[in-house]
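What follows is a single structure, written as structure tokens, with notes after it.
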Amino acid sequence: MSRHVAIVTDSTAYLPQPAMSRHGITSVPLTVVLGGEALEEGTEISARSLALALQKRRSVTTSRPSPEEFVRAYRAAAEAGATGIVSLHLSAEFSGTYDAAVLAAKTAPVPVRVVDTGMVAMALGFCALAAAEVAEAGGSVDEAVAAAEKRAAGMSAYFYVDTLDYLRRGGRIGAAQALLGSALAVKPLLTLDGGRIEMLEKVRTASKAIARLEELAVERAGSGAVDVAVHHLAAPERAEKLAQRLRERIPGLVELHVSEVGAVIGAHTGPGLLAAVVSPR
């Protein structure tokens, strides 16, 4: 990477590899611990393997990257010619990844701005892409951070899960915890709010919940230029059907990404996840 500002993120951004290569974005992997074995997300454990393990009710936990992993990424960027680094990460409410990056930044060979985007999955990925586009145009660290933060401020992420049980086990549902008693009997729609997962609506059936997810995405997209991502875990047909409907219904659609989430997020949502990320340009 020859540009003077390098962009680093983490594996929960779930950016397509071609996009990462094209924009020179570096990703530091989180870890999934499956049956006592620590595996790097994206290289040592696939989403499909994770889904099978969850269905068999095997013990699955996740952990942040070590500060040393970030130090290596920052050094590599500096050696490639970067004079500044923007390091963008998933919500600190979900993981200690941000804290690890902050520790690493203190010993980096060039200045590093570490940003808690409050996002996850392609909501984080779109932030990284926005920062990378500014860096490619010769922008400064401050300008790249501003672009990422602007994207984050306008972002909306909605997701459906077959059950809240995985989120409950991982302690990842924030203020929605109080609703568990009744919500476990219905199909929940959730959203990202203030870096936390919050209950948005409770719907009686899966088909109605997915239809409502579609409506929310279309309403949020409006008629302006917008990027959208559709995520799933072990539900490819469900994701493709939603993506096709969004292509037909969103007039200002610029880019649409469809992908399976990785093992880290999948461990907390469980198989059947369907999500829509809406990112106005």
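Keep in mind that the numbers below use all heavy atoms, side chains included, and drop hydrogens, waters and symmetry copies. It should be emphasised that the depicted structure is a prediction, and the values quoted were computed from it without experimental measurement.
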So how far is it from Arg245 CZ to Arg247 CZ, rounded to the nearest 0.5 Å?
-> 11.5 Å
So, for Pro280 and Val226, which heavy atoms are closest and what is the spacing to 0.1 Å?
-> N-CG2, 3.7 Å
Any side-chain donor paired with an acceptor under 3.5 Å for His231 and Ser259?
-> yes
Between Tyr160 and His232, does the ring centre distance come in under 6.0 Å?
-> no
Are Tyr74 and Thr107 close enough that a side-chain donor and a side-chain acceptor fall under 3.5 Å?
-> no
Would you name the heavy atoms of Ile250 and Ala217 that are closest together and state the gap between them?
-> CD1-O, 4.5 Å
Any donor-acceptor N/O pair, Thr9 side chain to Ala128 backbone, under 3.5 Å | no
Would you kindly confirm whether Ile265 and Leu15 end up in one hydrophobic cluster when ILVMFWY residues are joined by side chain heavy atoms under 4.5 Å apart?
-> yes
For the pair Arg113 and Ser87, evaluate side chain to side chain donor-acceptor pair (under 3.5 Å) and give the outcome as yes or no after the intermediate values.
-> CA-CA 6 Å; Arg113 285 278 301 278; Ser87 199; over 6 Å; no
Between Asp10 and Thr12, is any side-chain donor less than 3.5 angstrom from a side-chain acceptor?
-> yes
How close do Val60 and Ala267 get, heavy atom to heavy atom, and via which atoms?
-> CG1-CB, 3.7 Å
The reported gap from CG in Asp227 to CE in Met122 (rounded to nearest 0.5 angstrom) is 7.5 Å
Within the side chain of Glu41, is there an N or O that forms a donor-acceptor pair under 3.5 Å with the backbone of Ala263?
-> yes
Indicate yes or no for a side-chain donor-acceptor contact from Arg238 to the backbone of Gly272 under 3.5 Å, with no hydrogens or angles considered.
-> yes
Can you tell if the side chain of Leu39 reaches within under 4.5 Å of the side chain of Thr31, non-hydrogen atoms only?
-> no
Short side-chain donor-acceptor distance under 3.5 Å, Ser91 and Arg196 = no
Do any N or O atoms from the side chain of Asp116 and from the backbone of Ala92 form a donor-acceptor pair under 3.5 angstrom?
-> yes
May I ask you to decide whether Arg64 forms a salt bridge with Asp99, counting only side-chain N to carboxylate O separations under 4.0 Å?
-> no
Taking it one step at a time, do Glu215 and Lys208 satisfy salt bridge (charged side-chain N to carboxylate O under 4.0 Å, His left out)?
-> CA-CA 11 Å; Glu215 291 303 322; Lys208 289 181 179 179; over 6 Å; no
Asp193 side chain to Glu198 backbone, donor-acceptor under 3.5 Å = no
For Gly139 and Val5, the nearest pair of non-hydrogen atoms, with its separation, is O-CG2, 3.5 Å
Heavy atoms only: give me the nearest Met20-Thr26 pair and the separation to one decimal.
-> CE-C, 4.3 Å
No-hydrogen, no-angle side-chain donor-acceptor test under 3.5 Å, Glu133 and His23 = no
Has the side chain of Thr117 got a donor or acceptor atom that lies under 3.5 Å from a matching backbone atom of Leu88?
-> no
Under 3.5 Å, is there a donor-acceptor pair between the side chain of Tyr158 and the main chain of Leu192?
-> no
Report yes if the side chains of Asp162 and Pro271 come closer than 4.5 Å at any heavy-atom pair, otherwise no.
-> no
Ser140 OG to His4 NE2 distance, which is reported to the nearest 0.5 Å = 6.5 Å
Can you tell me if Glu240 and Gln244 form a side-chain donor-acceptor pair at under 3.5 Å?
-> no
Output yes when a side-chain donor or acceptor of Thr191 lies under 3.5 Å from a complementary backbone atom of Leu200, and no otherwise.
-> no
Minimum side-chain heavy-atom gap Thr97-Pro65 below 4.5 Å = yes
Should Glu260 and Leu233 count as side-chain neighbours, where that means a heavy-atom distance under 4.5 Å?
-> yes
Considering all heavy atoms of both residues, which atom of Ala225 and which atom of Val254 are nearest to each other, and what is their separation?
-> CB-CG2, 4.0 Å
Using only heavy-atom distances, determine whether the side chains of Ser156 and Arg220 contain a donor-acceptor pair under 3.5 Å.
-> yes
More than 12 non-hydrogen atoms from neighbouring residues, nucleotides or ligands closer than 6.0 Å to CD on Glu219, yes or no?
-> yes
When you look at Arg72 and Glu79, which way does the salt bridge (charged side-chain N to carboxylate O under 4.0 Å, His left out) test go after all the steps?
-> CA-CA 10 Å; Arg72 286 194 290 272; Glu79 289 168 0; over 6 Å; no
When clusters are formed by joining ILVMFWY residues with side-chain heavy atoms under 4.5 Å apart, either directly or through shared neighbours, do Leu190 and Phe94 land in the same one?
-> yes
Under 4.5 Å between side-chain heavy atoms, hopping through other hydrophobics if needed: is there a path connecting Leu124 to Val32?
-> yes
Is Leu189 close to Val203 at the side-chain level, that is, under 4.5 Å between some pair of heavy atoms?
-> yes
His268 versus Thr62, side-chain donor and acceptor atoms under 3.5 Å | yes
Pairwise side-chain contact, Met155 with Cys127, heavy-atom cut-off 4.5 Å (strictly under) | yes
Would you say Glu40's side chain and Leu30's backbone share a donor-acceptor pair under 3.5 angstrom?
-> no
Non-hydrogen side-chain atoms of Leu242 and Leu274 separated by less than 4.5 Å = yes
Below 4.5 Å, heavy atoms only, C-beta onward: do Phe70 and Ile85 meet side chain to side chain?
-> no
